[in-house]
Amino acid sequence: MYADAWLVTQDSHTGAGRLTIDLGAVVANWRAVAARQPGAETGAVVKADAYGLGARRVARALAAAGCRSFFVAQLGEAVELRRALPPEARLFVLNGLVPGAEALAVETGAVPVLNSLPQVARYAAEARRRDRRLPAALQVDSGMSRLGLSPAEVDTLAADPTMLDGVEVVLVMSHLACADEPANPANAAQHAAFVALADRLPAAPRALANSAGSAFAGFGHEVTRPGLALYGVEPTGRTDAGLRPVVTLEAPVVQLRTVAAGTGVGYGLSHVTSAETRLATIGVGYADGWPRHLGGRGAVWFDGVRLPIVGRVSMDSLTVDVSALPEGALAEGAMVELVGPHQSLQDVADAADTIAWEILTRLGARYERRYLEAGPAA
Ligand SMILES: *Cc1c(COP(=O)(O)O)cnc(C)c1O
């Protein structure tokens with residue numbers, strides 16, 4: 001049913017690359033993560049437009065599969081997404097409440113993650129103004145020093161619970177700094193710090209685990225917050241994790257040429273051919289989020305053959321050496337594979353000296369996007 005996602009096809013008419021997103025695989029991956037922590041509710045992190053894959057489409061597919069807790073980073077993302085979700089779905093805003101955002105958060109029906117005492121105070125004041133209790137998550141800083149109430153702020157809140165009058169604490173959460181290194185002792189230290197801090201706050205469901213943390217025994221608590229794993233990448237690099245690939249990225253051949261030995265290729269003429277070489281110019285570049293760093297080190301694939309990128313990656317194109325293919329195998333308009341069965345997102349990230357999160361979230365706006373529907377709930 002999804003097999004056609006993997007076909008290298010020959011029909012780009014617009015010259016754009018094609019991004020295929022398998023929503024069935026997203027749902028399958030959400031269920032696979034859920035199976036790691038059977039006692040916990042499995043949420044979904046759909047910030048940054050669901051890591052570049054389309055937050056509305058992804059969130060709708062997951063909501064239809066039963067997901068009820070969604071996480072975005074910014075209130076504007078919650079505004080965009082709220083009406084795409086069923087009313088009973090909760091939409092948490094991880095970066096918290098910037099001053100002045102209190103009313104919009106309430107009117108949006110978003111649940112802010114309160115990260116500091118000033119945020120608690122402003123949100124409690126909004127509750128008093130409206131004479132109603134407002135739902136919020138409290139985040140504690142268990143050691144990452146990024147977001148959340150410090151231990152001293154937790155002390156202050158614990159000493160004066162009236163500071164939370166009007167605030168209904170629906171989740172207490174924290175975030176792991178080193179979960180992609182399962183053996184790192186910081187994980188256990190953060191877990192212990194999280195539990196100790198949460199014990200001092202009003203009783204509420206707890207959430208600690210991201211994708212990587214969802215694999216750690218005892219880290220599930222009541223709610224998990226996977227992101228990357230839903231999109232088909234196991235953060236710890238485990239290949240036996242049972243996740244399905246979600247993304248296929250292809251781009252068209254826009255020109256073919258044969259050049260003599262000693263010919264410079266691309267900006268700066270940084271590559272010079274050492275022999276007669278057949279080249280293909282591919283219609284994807286750094287403006288599409290394809291890393292410029294892959295010039296001279298990355299590759300694309302066609303028909304199971306690796307085609308190395310030669311010279312620099314341009315804004316709208318890159319050039320590959322196609323000499324390894326039989327003559328005539330490629331024609332203008334043929335689609336080559338950038339992400340797919342021969343080259344995973346992790347492979348691309350490794351070659352570009354970055355992380356799969358960055359490759360995904362930078363996927364450009366110019367692609368022709370194709371969604372494979374999740375189909376009826378299993
Ligand atoms: C982004 C984020 C996540 C998801 O992390 P993944 O590693 O992509 O699973 C979970 N929790 C918080 C607080 C985040 O910021």
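What you see below is based on every heavy atom in this structure, not just the backbone, and it leaves out hydrogens, waters and symmetry mates. Just so you know, ligand 1 is whichever comes first in the structure, and atom 1 is the first atom listed for that ligand. We're numbering straight along the sequence, starting at 1.
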Backbone of Gly213 reached by a side-chain donor or acceptor of Asn210 within 3.5 Å: yes
Only heavy atoms of [X], strictly under 4.0 Å: list the atoms of ligand 1 that pass.
X      : value
Lys47  : 1 (C), 2 (C), 3 (C), 14 (C), 15 (O)
Leu228 : 6 (P), 8 (O), 9 (O)
Gly227 : 4 (C), 6 (P), 8 (O), 9 (O)
Arg146 : 15 (O)

Close approach, Pro226 and ligand 1, non-hydrogen under 4.0 angstrom: yes
Whether Phe71 lies under 4.0 Å from ligand 1, heavy atom: no
Closest non-hydrogen protein atom to [atom], residue and atom name please, with distance?
atom                    : value
atom 7 (O) of ligand 1  : Trp357 NE1, 3.3 Å
atom 9 (O) of ligand 1  : Ser211 OG, 2.5 Å
atom 13 (C) of ligand 1 : His175 ND1, 3.5 Å

Close side-chain approach of Leu138 to Leu171, heavy-atom, < 4.5 Å: no
Tell me which donor-acceptor pairs under 3.5 Å the side chains of residues 84-93 have, and how far apart each pair is, sequence neighbours excluded?
unit_1, atom_1, unit_2, atom_2, d
Arg90, NE, Ser69, OG, 3.4
Arg90, NH2, Ser69, OG, 3.1

Part of Val45 within contact of ligand 1 (heavy atoms, under 4.0 Å): side chain
Ligand 1-proximal atoms of Arg225, by part, heavy-atom distance under 4.0 Å: both
Judged by modelled atom types alone, do [X] and [Y] share a side-chain donor-acceptor pair under 3.5 Å?
X      : Y      : answer
Ser214 : Arg36  : yes
Ser344 : Asp347 : yes
Gln255 : Thr281 : no

From the candidates Tyr51, Tyr231, Phe92, the one that places a heavy atom nearest atom 4 (C) of ligand 1: Tyr51
Sidechain N-carboxylate O distance under 4.0 Å for Glu102, Arg129: no
Listing, residues 268-276 side-chain donor-acceptor contacts under 3.5 Å, not counting sequence neighbours, or none:
unit_1, atom_1, unit_2, atom_2, d
Thr273, OG1, Ala260, O, 2.9
Thr273, OG1, Gly262, N, 3.1
Thr273, OG1, Thr263, N, 3.0

